[in-house]
Protein chains: 2
Amino acid sequence: MAGRAVRFHLQTQRGSRDGPTPNHSIDMLIRKLESIARLSDEEKNAIGHLPVTVRPLNAGQDIVREKDRPSQCCLLLEGWACRYQILGKGKRQIFSFHIPGDIPDLQSLHLKVMDHSVCTQSQATVAFIPHEALLELTATFPGIAAILWRDTLVDGAVFREWMTGIGRRTALQAVAHLFCELYVKLEAVGLARDHAYRLPLTQADLGDALGLSNVHINRVLKELRGKGWITLHGGRLEINGWRELAHLCDFDPTYLHLERRAA
Amino acid sequence: MAGRAVRFHLQTQRGSRDGPTPNHSIDMLIRKLESIARLSDEEKNAIGHLPVTVRPLNAGQDIVREKDRPSQCCLLLEGWACRYQILGKGKRQIFSFHIPGDIPDLQSLHLKVMDHSVCTQSQATVAFIPHEALLELTATFPGIAAILWRDTLVDGAVFREWMTGIGRRTALQAVAHLFCELYVKLEAVGLARDHAYRLPLTQADLGDALGLSNVHINRVLKELRGKGWITLHGGRLEINGWRELAHLCDFDPTYLHLERRAA
DNA sequence: CGGGAGGTTGAAATCACTCAATTAGAGTGG
DNA sequence: CCACTCTAATTGAGTGATTTCAACCTCCCG
């Protein structure tokens, strides 16, 4: 375990310590929800009273595992996470990457058994929220339920897009598409601009996400670098040829359903 | 268009005609929802008053298309449907197959723009339900909202499983896994037994679902037939070697989240 | 008995994989 | 600051799975 859990009840404590506090995490959640729909004061107040446990995590730590029956959801405050499944014979499929503001295991609210695992992809801070509290919140405020439901629907849309990436795009297009997707998602929450961002993924991670081998990912990256479209070094990606990259993979961000931008 | 639309208000008409009536469709919906959780009489009554339009469709007809902004959802009463997307250059990716009881475009309730299309895969009967009515229903009955939400979450779980099929399984395993999945889903709603079912899919459809060419699907089927594990002819599949097939692809139905079986 | 969609097969080409070795970088302890 | 170590990145060579192309067959339906 990477650090001590810190349990708070919201709005009874002020963040006098370093690092993300529960207040910070609730702000994150409210900002996230308001990026979709307006919240009433009553709704915000109810969210503010959610019991939250904040915990720092190291890279590569599982947050929930396949077969678990979790009793809480995790809100990612800092760092990246991914969802994945291990097949026999050491193969791995990564289903999604998650960035601050995401609730990667929101589905566990209604699907009792985990059919995959969630893992940190970098150092991270997560806020755990008990199912019980979330279920009560969504039962009381259908508007909040609708926003969270919508969030899982967007997840599904991204899964579909990845399916076409894996199934019907060339390796070059698949990598390009992933880079475009991640940029648009990060940019939307203010974590990237100027077509550059921190990318805490190894080539093996990229391969496991796109159904390719790490070796082949390496060659694809070499080609993209050779064309001068990307710079990737030390976990930082710069897209120097956005237009070309987006055109190569026919990138259309409709499926991300970013109707409004986060504040 | 394949036939006339028939508009009813539920429980005000009795099905004196041939074919599925709105009552039939509401029964289907209630049965579907009750396969997940018990419904109160009040909830059943509210569902019974949903306005529904029943329509027969031919095979290969689009129900909704990418870029559409639908104002209704469709409940599949008879026949199969699939969700898909066309890429440039004539490539197609199929995201899911749907069977009676499914609401393939339920996501449109909260995602305004379609990022893919839905198409009948055989002759089919569908019931259209206005978004307006569903939104009111879910706002009034959080329990019903939760069941429908859950349904879309299972969709997502199947998408993930398909991702691993396309990305990390061999062609043989991928086909085997799909056949197992479809059997379990059909069996759960009483549409299959004895490891056999009607499969209204061409080899090209299977290929587009699994990210393979129709030619290769053909060869894989030949191999599965050669092993004596399946019989596939005239749109009917018999799995003669269920154990072997399931073992080949390491089939684990957890991801289908069939906690209870439909009546 | 024709027409058409779907199924089947062979041959050649291609994309991506595996294996194996080498290099680069980051972190650690002396 | 350097040697050591571990992980990740890189490269080459050989292999294998799957695609593409093209032809032919089969079955169903009107």
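Each chain gets a letter, A, B and so on, in the order its sequence line appears, and its residues count up from 1.
Across all strands shown, Thr202(B) has heavy atoms under 4.0 Å from sugar-phosphate atoms exclusively, and none from any base. As judged by a 4.0 angstrom heavy-atom cut-off over every strand, Gly60(B) is placed among residues making no nucleic acid contact. Within 4.0 Å of Gly207(A), counting heavy atoms only, lies no atom of the nucleic acid at all. Counting any heavy atom pair closer than 4.0 Å across all strands shown, Leu221(B) reaches no nucleic acid atom.
A 4.5 Å side-chain heavy-atom check between Thr120(A) and Asn58(A) finds every atom pair outside the cut-off. Side-chain contact between Leu245(A) and Phe251(A): absent, with no pair of heavy atoms (C-beta onward) separated by less than 4.5 Å.
Residue-to-nucleotide proximity on DNA chain D shows that, of Arg168(A) and Asn214(A), the 5′-proximal contact is made by Asn214(A). Residue whose closest nucleotide on DNA chain C sits further toward the 5' end, between Arg169(A) and Ala204(B): Ala204(B). Nearest-nucleotide positions on DNA chain C for Gln203(B) and Ile217(A) put Gln203(B) closer to the 5' end.
Distance, Glu223(A) CD to dC15(C) P: 10 Å, rounded to whole Å. Look at NE2 on His216(B): it is 16 Å from C1' on dG7(C), rounded to the nearest Å. If you measure from atom CD1 of Ile166(B) to atom P of dA16(C), you get 15 Å, rounded to the nearest angstrom. Remark: P of dG7(C) and CG of Leu224(B) are 15 Å apart, rounded to the nearest angstrom. Note: CG (Leu210(A)) to P (dC15(C)) measures 18 Å, nearest angstrom. As a whole-Å value, the separation of Asp208(A) CG from dA8(D) P is 12 Å. Remark: P of dC15(C) and CG of Leu212(A) are 13 Å apart, rounded to the nearest angstrom. Put simply, CG on Leu199(A) is 14 Å from C1' on dA8(D), counting in whole angstrom units.
Counting heavy atoms of neighbouring residues, nucleotides and ligands inside a 6.0 Å radius, atom CZ of Arg65(A) does not exceed 12 of them.
Side-chain atoms of Arg219(A) come within donor-acceptor range of the base of dG12(D), with a qualifying N/O pair under 3.5 Å.
Remark: aromatic rings of Trp229(A) and Phe179(A) are distant, center separation not under 6.0 Å. Checked against the 6.0 Å centroid criterion, the rings of His116(A) and Tyr84(A) do not qualify as a close aromatic pair. Checked against the 6.0 Å centroid criterion, the rings of Tyr255(A) and His177(A) qualify as a close aromatic pair.
The side chain of Lys91(A) contributes no N or O atom lying less than 4.0 Å from OP1 or OP2 of dC17(C). OP1 or OP2 of dT9(C) has at least one side-chain nitrogen or oxygen of Lys222(B) nearer than 4.0 Å. Remark: Arg225(A) is in phosphate contact with dT10(D), judged by side-chain N or O atoms under 4.0 Å from OP1 or OP2. The side chain of Asn218(A) contributes an N or O atom lying less than 4.0 Å from OP1 or OP2 of dT10(D).
Under the 3.5 Å distance criterion, the side-chain polar atoms of Arg83(A) are matched with a main-chain donor or acceptor of Pro104(A).
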Every protein N/O within reach of nucleotides 26-30 of chain D N/O, cut-off under 3.5 Å:
none

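In the helix from dC1(C)-dG30(D) to dG30(C)-dC1(D), the rotation axis of the first five pairs and that of the last five pairs differ in direction by 40°, rounded to 10 degrees.
Thr164(A) and Gln85(B) make their closest contact through CG2-OE1, 3.4 Å (heavy atoms, listed as atom of the first residue, atom of the second, distance).
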Starting from the C-alpha separation in whole Å, work towards a yes-or-no answer on ring-ring contact (aromatic ring centres under 6.0 Å, His included) for Tyr183(B) and Trp242(B).
CA-CA 10 Å; Tyr183(B) 177 69; Trp242(B) 173 266; 5.4 Å; yes

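In this model, no donor atom of one side chain and acceptor atom of the other lie less than 3.5 Å apart for Thr125(A) and Arg55(A).
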